Amino acid sequence: MTSTDLAGPGDPTGTPAGAPADAPRSAQPDRDAAPQYVLPLVVRIERDAPPARTDALETAARAVLVLLADERATGDGEWAAAVRDWQDARIRKVVRRARGAEWRRAEALPGITVRGTDAEVRVFPPVPLDGWPKDLARLQVSGTHLDAPRAPEAPGPGGVVLWLNPELDMSAGKAMAQAGHGAQLAWWELTPAQRAAWREAGFPLSVRSAAPHRWERLAHSGLPTVRDAGFTEIAPGSCTVVADHPALRERLGASAGGF
């Protein structure tokens, strides 16, 4: 798997319009100068039963949302300070893989396991960039390939879709982290009532690769867009994901239509 973080226009350095207080604080003048944290995600990949790629991407994105909405990550919760510090610096996510005893040790650490159709992803509170728990630090970051045994169905009308850039060839881990970024940007842009509705529905979402002609319109639509810092796999500033949430589309009006 791989690490990834937000950079450039897709990485808000202040509070996005309409976003509540858990978005990055505008008082931070230089996000590179702040202490750097990372959000660890671990995907379970058993040798005989790996998850399908799309299921893993969607489960990772949902795991990020579940952590952001957890009471331990907000207010005076036990993870809240770490989450705030993480969001005040670069928004880094690292996806690692585990199986068997590795997975059981990961599940014993504080975090949240989110399950998809077959995929299981455990998300942990942010940790310092050089301060990983040893049972997570020893997990493999690279070398994982997840297949898509069949083409995913078209997302339903009016649903939340995280659109992937069809021109980028990303590993499963990179794409999982990017999908998590897209979900996080959408979360920041929603009102508290819209967040609550999404959470109560179980954070339904789809991750799909956009058709090239659709991608061009999405990338210029005004919807939340992820731009990667370029530390791994792809060039700095690459636009990787556009987060298409019905509430955000409605806010943009006609300018976000026609996809």
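Atoms considered below: every heavy atom in the structure, side chains included; atoms not considered: hydrogens, waters and symmetry mates. What you see is a predicted model, and the numbers here were worked out from it, not measured in a lab.
- In this structure, a donor-acceptor pair under 3.5 Å is present between the side chains of Q184 and Q87.
- Separation of atoms CG (L223) and CD (E189) is listed at 9.5 Å; rounding is to 0.5 Å.
- Atom-to-atom distance recorded for W103:CH2 and R44:CZ is 7.0 Å, nearest 0.5 angstrom.
- Using a 4.5 Å heavy-atom threshold, the side chains of V242 and P224 count as separate.
- In summary, the aromatic rings of W187 and H245 are positioned with their centroids too far apart to meet the 6.0 Å limit.
- A pairwise comparison of heavy atoms in V95 and G173 identifies CG2-O, 3.7 Å as the closest pair.
- F203 and A69 get closest at one heavy-atom pair: CZ-CB, 3.8 Å.
- Between R115 and E120, at least one side-chain nitrogen of the basic residue sits less than 4.0 Å from a carboxylate oxygen of the acidic one, meeting the salt-bridge criterion.
- Side chains of L205 and E58 form a contact here, defined as non-hydrogen atoms less than 4.5 Å apart.
- A donor-acceptor contact closer than 3.5 angstrom links the side chains of T113 and E107.
- For the residue pair L67 and A73, the shortest heavy atom distance occurs at O-CB, 3.2 Å.
- Inter-residue side-chain proximity for R138 and R105 is flagged as met; some heavy-atom pair is nearer than 4.5 Å.
- In this structure, CD1 in I45 is found 11.5 Å from CZ in R47, a value given to the nearest 0.5 Å.
- Judged purely by atom type and a 3.5 angstrom limit, Q194 uses its side chain to pair as donor or acceptor with the backbone of T191.
- Looking at every heavy atom in both residues, R96 comes nearest to A137 through NH1-O, 2.9 Å.
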Checklist entry - Going through the checks in order, is the side chain to side chain contact (heavy atoms under 4.5 Å, CB included) test met by D135 and L109? => result CA-CA 9 Å; D135 284 331; L109 298 174; 4.2 Å; yes
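- Heavy-atom contacts from other residues, nucleotides or ligands closer than 6.0 Å to CZ of R199 number 12 or fewer.
- Judged purely by atom type and a 3.5 angstrom limit, R62 has no side-chain atom pairing as donor or acceptor with the backbone of V114.
- The closest side-chain donor-acceptor pair between Q178 and K93, if any, does not fall under 3.5 angstrom.
- Considering only heavy atoms from C-beta on, P126 stays 4.5 Å or farther from D85 through its side chain.
- Separating the CG atom in L65 from the CG atom in D70 is a distance of 12.5 Å, to the nearest 0.5 Å.
- Closest of all the heavy-atom pairs between R227 and C239 is NH1-CB, 3.9 Å.
- Atoms CG and OG, from L57 and S206 in turn, are 11.5 Å apart once rounded to the nearest 0.5 Å.
- A 4.5 Å side-chain heavy-atom check between V64 and L39 finds at least one atom pair inside the cut-off.
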Item to check | side chain to side chain contact (heavy atoms under 4.5 Å, CB included) assessment of W79 paired with R84 | outcome: CA-CA 9 Å; W79 300 341; R84 285 192 295 270; over 6 Å; no
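- With hydrogens and angles ignored, the 3.5 Å screen pairs no side-chain donor or acceptor of E78 with any backbone N or O of R72.
- A distance of 5.5 Å separates CG in D55 from CG in D118, rounded to the nearest 0.5 Å.
- Ring centroids of F124 and W132 are separated by 6.0 Å or more, keeping the two rings apart.
- When every heavy atom of P35 is checked against every heavy atom of A89, the shortest pair comes out as O-CB, 3.3 Å.
- Side-chain contact check for W163 versus P155: some heavy-atom pair is nearer than 4.5 Å.
- Between V42 and L139, some side-chain heavy-atom pair lies under the 4.5 Å cut-off.
- Under a cut-off of 6.0 angstrom, the local environment of CD in E71 is sparse, with at most 12 non-hydrogen atoms contributed by other residues, nucleotides or ligands.
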Next on the checklist: Test side chain to side chain contact (heavy atoms under 4.5 Å, CB included) on V127 and V38; report intermediate values, then the result.
Outcome noted: CA-CA 6 Å; V127 298; V38 61; 3.7 Å; yes
Next on the checklist: What verdict does the side chain to side chain contact (heavy atoms under 4.5 Å, CB included) test give for R249 and L252, after you've listed the backbone C-alpha separation in whole Å, the side-chain angles of each residue and the deciding distance to 0.1 Å?
Outcome noted: CA-CA 5 Å; R249 182 189 290 264; L252 290 172; 5.9 Å; no
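- Inter-residue side-chain proximity for V123 and P40 is flagged as unmet; no heavy-atom pair is nearer than 4.5 Å.
- Paired with R208 under the rule side-chain contact (heavy atoms from CB on, under 4.5 Å), one option of T54, L162, L164 passes, and it is T54.
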